[in-house]
Amino acid sequence: MADQYDPDSVHERVVAHWDAVDAYEQTKDHRSDGEDFFFVDGPPYTSGAAHMGTTWNKTLKDVYIRYLRMQGYDVTDRPGYDMHGLPIETKVEEKLDFENKKDIQEFGEEAFIEECKDFAEEQLVGLQEDFESFGVWMDWDNPYKTISPEYMEGAWWGFSQAHERGLVEQGKRSISQCPRCETAIANNEVEYEDVSDPSIYVKFDLQDREGSLVIWTTTPWTIPANTFVAVDEELTYQGVRAHKGDDSEVLWIAESCVEDVLSKGRYDDYEVIDQATGEEMVGWKYEHPLREAVPDAPEGEDALQVYTADYVEADRTGLVHSAPGHGEEDFARGEDLGLDVFCPVGGNGVYDESAGAYAGQFVKDADETIMDDLEANGNLLSRGTTHHSYGHCWRCDTGIIQIVTDQWFITVTDIKDEMLANIEDSEWHPDWARDNRFRDFVEEAPDWNVSRQRYWGIPLPIWLPSEARSASEPSSGQGPRDPVEWSGDMDDAIVIGDREELADRVDQDIDSETVDLHKGTVDELTITEDGVTYERVPDVFDVWLDSSVASWGTLNYPDQTEDFEELWPADLIMEAHDQTRGWFWSQLGMGTAAVGEIPYDEVLMHGYALMPDGRGMSKSKGITVEPQEAIDEGGADPMRAFLLAQNPQGEDMRFSWEGMDSMGRNLNILWNVFRFPLPYMRIDGFDPAEITVEDADLEEIDEWVLSRLQTVEAEMTEHFEDRRQDRAIETLMDFVVEDVSRFYVQAVRDRVWQEGDDGSKEAAYATLYRVLEETVALLAPFTPFIAEEIYQYLTGDAGYDTVHMCDWPEPDGTLRDVGLEDEIEVVRAVEEAGSNARQQAERKLRWPVKRVVVDVDDQEVGGSIELQAGLLADRLNARSIEVVGPEEEWGELTYSAEADMSKLGPAFGDDAGTIMNALNDASVAEPTVAALESAVGSELDQGVDLEAEMVEFVRNTPEGVASTEFEALDGGGVVYVDTTLTEDIESEGYAREVIRRVQEMRKDLDLEMDARIRVEYEIADDRVAELVKEREDLIAEEVRADAFGGVKDGYRKEWEIEGVDAEIAVAEV
RNA sequence: GGGCCAAUAGCUCAAUCAGGUUGAGCGCUCGGCUGAUAACCGGGAGGCUGCCGGUUCAAAUCCGGCUUGGCCCA
């Protein structure tokens, strides 16, 4: 057994042991008949190594899975990996030095997909190694991968279910488009950064009246698509005649914005000539400011008019340039108004032919030209620049553009009420995460755009009509075909739900068992039904859709149905708070759309891992603490213990090196507690099967620590059920450090040191054994390595092959005694105060004290001390313990008073000095003014009237007595320690000084624990030598000495004992 | 710009829901102890409970505003 706790070597040994005995497999088999518990792993994304947040997350999952297994559950523990998506595509593009989609086309779609797959698989291996390195036990041989055909089929199935319910549609939507990646990106993939942009004020000339509307924008490139101007219905707008030099013009601006706009336009002066509310302005027509350059720009009966909109604010000009072909709000309002959508911009951010003069230009590059044109045609009131936050692609950092494109949607807005009802079926920790954040998000969520115009993803399982055979052609013929346009009606589209259906319906011959479902394969497949040939739409799914089906994808549904029927929905999931908008949401949306239910019953939402100083971690900025670094520095168990000691409910966690070290120290204490009795047990051949706490002759302190153990078990279970494993490990560590190490082990050391057969010693062994055995079981979910090592050492062949097969310890009522726990709590409080008093009196614990008097103010406290007087005497090394009850006075106490001259002076004048001296000399038995008056009166031979405010009482203890106050239970009191020396006490004190030095010498000699010795000592002071000699029996017993004197070639050392020179020699017999 | 969460000793946190002298562990410091020894025990210092205002006899706690940090959304 190693002397020192070394997490790394423990780790190494335990991993080897696990491998040797198939510990993981055995543990799972052991529970295979248990009640099912369906845990679902939120799949980490395979584009990088595990960071501290992932590490925390997986460690949390591990602790709960291990705990649930110990509770008897058969836990599903299939890990998952999220392996599709744009982030991986961009990494591969970087690797291959690609710039845009064209490079991918040239490289070949299929080859590119292959590269993405290899990249994702490579990352997976790295992640998995990381997870295993800190002891996470999941089914690593059989992870679910979002790129496997079985899993992708799960996504198809979910999507087709949503389609069955009529929740799938194609539609135009304003989306955030990355012009480099040439795909729509989700709003939560947009990162905002501060940038410089144009800031222009533009005049839109009114048609039926004098003047122009003034709008403000930072995106000149959207002006070609301007379709209407929005106002606030309640706001007041003013028509002002503005003068600049000799010219003047009429401008319409919101009242509160007039001054500001006119100063921007550098006008000299103005007067208000007209006024209208937004409502009154509705229907005013205006000219498109870029009609010449963009002849196709919106026009028509309803276009180029003023409308109200709720997105208008009295800011800038109070009128808002609106282009339904771009902005999301503009689009929505335009749709309400039935306006045509004009979007002259392609997916790559380049104007198409409809943009007239600007065709072929990248929109951001066209800003300058457009502003020049506006200036030239007199429609530009002001141009400048502004700094604001603008959306960028989270992967390639390109500025996003809002454009309207055809996308595929799951129309979750149609089932919003159902989703809101479904979230009630889930229990969240913490509860506010559900009732505030999550509900808000669900309420505001728009339809889910699930299509991406990319390659590395699950292809949409939608086939649309593309061509039809002429009716006259024979069905087998290869005759001419007519292109067919899809009607837009989902009844005319084909949505495939699984591989079998795919194989059945496609024209080509494929094997449903082996077919790959990626673009490279399925793009080639066509379906011909009723003379119409259908082709797949080229899009792939938004990667969020992949993980949204994890609750059945984990179970390979629909390929296999049994587990799904048995287990679904998930009993528990746990992820960080960013998943409120991610996985928690996507699963709810998909679950409700496909199955009508929320796919999880319970959510544990934890926080983020932050830097020790509270900053967020960021790999790109190099601000991280790497898990591997933490493992190297502190060890896997201490790191886990630290992470698990953090509140897992919603709060962020600051990583702390000190915190981790502190956990390491606690584990070291456990190690020492465990190591302490081993040599003794070995000497005595203790057999834990032979002597258990049930039949040993327990002493009260044994009963106490066993009772504490039961209480700890009950508390820990409660904490685990509340999903507060941090409180559970804190409870356990507190027990190990405070109760077992600092109290119990100290209390039983003498018993363990006894030689030969001894019932008391055996009881201590049995107790320690039970405590350790159950403690390591309680610790096993948290720090699986050290728990295993100690467990194996303790139980040997008698136990399981792994501690993780143990049942979770349940409190045993027959071992629990709350009254006893209270009594010991009192003892510990009194002991602490007694130690303090000893220190004041400078009497070390080795020297016995004559007596300890405890003056209590509470019956229960006093009773506890009386009941535990023996233990207390032992702990305080006191010859006797006396209790003074709440109604009693300790007769040996006296009180004196300190005079306050600022009060005495005015009251007594010339006599004040004399009275002060009498007061200060007085000593009374009780702290009352009356007693003082009487004492002072007899001293001075005259009556004195004292007031309470004139004096302050001081408690005087008898000579040689020190005191300290204490508190315990609902009361407290004062501990008095009488350190008066007697010859007998001195004799024992000196003897113990000798004992301690001989023990140290035994240790220097590295003697076996039970080695016998001869001891010789010479002390310079005859009196001290005589006192020591009186206690030779005690010394002999304590140091295992057979005889005194006659040491010839022994180990000899000079000492100083309490200022007296001494020489001690020791030799093994 | 909006929502949610947080802010208490140098650090990590508890006490906040249900108002009543603020506490714990670690760290620091001083002293002690020594067959668990890189362990252990005791003492001490250390707090306008982020800021401002309100309710109340009384606010870390309830209410409002602000500041800072985190997450989410725009």
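In what follows, every chain begins at residue 1, and chains take the letters A, B, ... in the order their sequences are listed.
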[atom1]-based separation of [M] from [N] [nearest Å]:
{"N": "G19(B)", "M": "C11(B)", "atom1": "C1'", "result": "29 Å"}
{"N": "U49(B)", "M": "G44(B)", "atom1": "P", "result": "23 Å"}
{"N": "C26(B)", "M": "A14(B)", "atom1": "C1'", "result": "14 Å"}
{"N": "C57(B)", "M": "G65(B)", "atom1": "C1'", "result": "26 Å"}
{"N": "U61(B)", "M": "G50(B)", "atom1": "P", "result": "8 Å"}
{"N": "A9(B)", "M": "G25(B)", "atom1": "C1'", "result": "12 Å"}
{"N": "U29(B)", "M": "U8(B)", "atom1": "C1'", "result": "23 Å"}
{"N": "G32(B)", "M": "C71(B)", "atom1": "C1'", "result": "49 Å"}

Name the nucleic acid region contacted by [X], choosing base, sugar-phosphate or nothing; use a 4.0 angstrom heavy-atom cut-off, strictly under.
{"X": "Arg838(A)", "result": "nothing"}
{"X": "Arg997(A)", "result": "nothing"}
{"X": "Tyr311(A)", "result": "nothing"}
{"X": "Gln746(A)", "result": "base"}

Could you give the [atom1]-to-[atom2] distance, from [X] to [N], as a whole number of Å?
{"X": "Asp734(A)", "N": "U12(B)", "atom1": "CG", "atom2": "C1'", "answer": "15 Å"}
{"X": "Arg996(A)", "N": "G32(B)", "atom1": "CZ", "atom2": "C1'", "answer": "12 Å"}
{"X": "Asn666(A)", "N": "G27(B)", "atom1": "CG", "atom2": "P", "answer": "10 Å"}
{"X": "Asp440(A)", "N": "C71(B)", "atom1": "CG", "atom2": "C1'", "answer": "14 Å"}
{"X": "Asp435(A)", "N": "C17(B)", "atom1": "CG", "atom2": "C1'", "answer": "15 Å"}
{"X": "Glu575(A)", "N": "C72(B)", "atom1": "CD", "atom2": "P", "answer": "14 Å"}
{"X": "Glu658(A)", "N": "C13(B)", "atom1": "CD", "atom2": "P", "answer": "13 Å"}
{"X": "His577(A)", "N": "C73(B)", "atom1": "NE2", "atom2": "P", "answer": "12 Å"}

Do we see a donor-acceptor contact under 3.5 Å between the side chains of Thr54(A) and His51(A)?
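There is such a pair between these side chains.
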Looking only at side-chain N and O atoms, does [X] come under 4.0 Å of OP1 or OP2 in [N]?
{"X": "Arg654(A)", "N": "U12(B)", "value": "yes"}
{"X": "Tyr608(A)", "N": "C72(B)", "value": "yes"}
{"X": "Arg665(A)", "N": "G27(B)", "value": "yes"}

Among [options], find the nucleotide with the atom closest to the side chain of [X].
{"X": "Trp432(A)", "options": "C5(B), A38(B), C73(B)", "answer": "C5(B)"}
{"X": "Asp652(A)", "options": "G70(B), A36(B), C40(B)", "answer": "G70(B)"}
{"X": "Arg437(A)", "options": "A14(B), G42(B), G70(B)", "answer": "G70(B)"}
{"X": "Gln646(A)", "options": "G3(B), C13(B), G42(B)", "answer": "C13(B)"}
{"X": "Arg581(A)", "options": "A39(B), C73(B), A36(B)", "answer": "C73(B)"}
{"X": "Asp578(A)", "options": "G42(B), C72(B), C4(B)", "answer": "C72(B)"}
{"X": "Leu610(A)", "options": "A6(B), C4(B), G70(B)", "answer": "G70(B)"}

Using heavy-atom distances to pick each residue's nearest nucleotide on RNA chain B, tell me which of Ala433(A) and Val737(A) is more 5'.
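Checking each residue's closest nucleotide, the 5'-ward one belongs to Ala433(A).
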So which one's nearest nucleotide on RNA chain B is more toward 5', Glu651(A) or Arg724(A)?
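First, find each residue's nearest nucleotide; the 5'-ward one identifies Glu651(A).
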May I ask you to say whether Arg727(A) pairs ionically with Asp722(A), meaning some side-chain N is under 4.0 Å from a carboxylate O?
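Looking at Arg727(A) and Asp722(A), the cut-off is not met.
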Salt bridge or not between Arg997(A) and Glu993(A)? Use side-chain N to carboxylate O under 4.0 Å.
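Salt bridge: yes.
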Just wondering, are more than 12 heavy atoms of other shown residues or ligands nearer than 6.0 Å to CD in Glu730(A)?
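Result for CD/Glu730(A): open.
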Tell me if the CD atom of Glu427(A) is crowded by more than 12 foreign heavy atoms within 6.0 Å.
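Atom CD in Glu427(A) is crowded, with more than 12 foreign heavy atoms closer than 6.0 Å.
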Quick one: do Tyr390(A) and Asp197(A) satisfy side chain to side chain donor-acceptor pair (under 3.5 Å)? Show the steps, please.
CA-CA 9 Å; Tyr390(A) 188 79; Asp197(A) 263 325; over 6 Å; no
Using every non-hydrogen atom in the two residues, find where Arg437(A) and His577(A) come nearest and quote the distance to one decimal.
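Distance-wise, the nearest heavy atoms are NH2-O, 4.0 Å.
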Closest approach of Ala576(A) to Phe584(A) (non-hydrogen atoms, all atoms of both residues):
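Scanning both residues, the minimum pair turns out to be O-CE1, 3.9 Å.
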Does a distance-only test, which skips hydrogens and angles, find a donor-acceptor pair under 3.5 Å between the side chain of Ser741(A) and the base of A39(B)?
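Answer is no: no donor-acceptor pair is held.
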Between Asp330(A) and His321(A), is a side chain to side chain donor-acceptor pair (under 3.5 Å) present by the stated rule, with each step listed?
CA-CA 9 Å; Asp330(A) 313 29; His321(A) 147 59; 6.0 Å; no
Would you sketch RNA chain B in dot-bracket for me? Only Watson-Crick or G-U wobble pairs with both distances under 3.5 Å count, crossing pairs as [ ], other-strand pairs as |, the rest as dots.
(((((((..((((......[..)))).(((((.......))))).....(((((..]....)))))))))))).
Would you please test Phe642(A) and Phe655(A) for ring-ring contact (aromatic ring centres under 6.0 Å, His included) and show each step?
CA-CA 9 Å; Phe642(A) 168 75; Phe655(A) 186 81; 5.3 Å; yes
